[in-house]
J.: 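My structure is below; once you've seen it, I'll send some questions.
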Amino acid sequence: MGSGLAALDADVVIQGSRHLWRKDSPFWNQKDLPGVIFWEPELQADVEYAEWTPEGRLRQPSLKGFVSDR
């Protein structure tokens, strides 16, 4: 997602989630995406988007926040 977090907030989220990073993509159709960080699915995010593309990607995704079920 390219929007939804201020730069400072993004740095805090990215650095605070390093323990969840994975080296490979969990998706069969998205293998070579330079600069993309994939996480283990331990956080649930609220994401707003325009639509799904025919390739199975989100168009204009924006992070609205994180959801806590605890």
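All of these numbers come straight from a predicted model, not from anything done at the bench.
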J.: Would you compute the distance between atom CH2 of W21 and atom CZ of F38 and round it to the nearest 0.5 angstrom?
T.: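 These two atoms lie 13.0 Å from each other.
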
J.: Could you tell me which non-hydrogen atom of A45 sits nearest to which non-hydrogen atom of V67, and how far apart they are?
T.: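 So the two residues come closest at C-CG2, 4.3 Å.
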
J.: With sequence neighbours left out, what residues match R59 under salt bridge (Lys or Arg N to Asp or Glu O under 4.0 Å)?
T.: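 For R59 the salt bridge (Lys or Arg N to Asp or Glu O under 4.0 Å) partners, ignoring immediate neighbours, are E51.
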
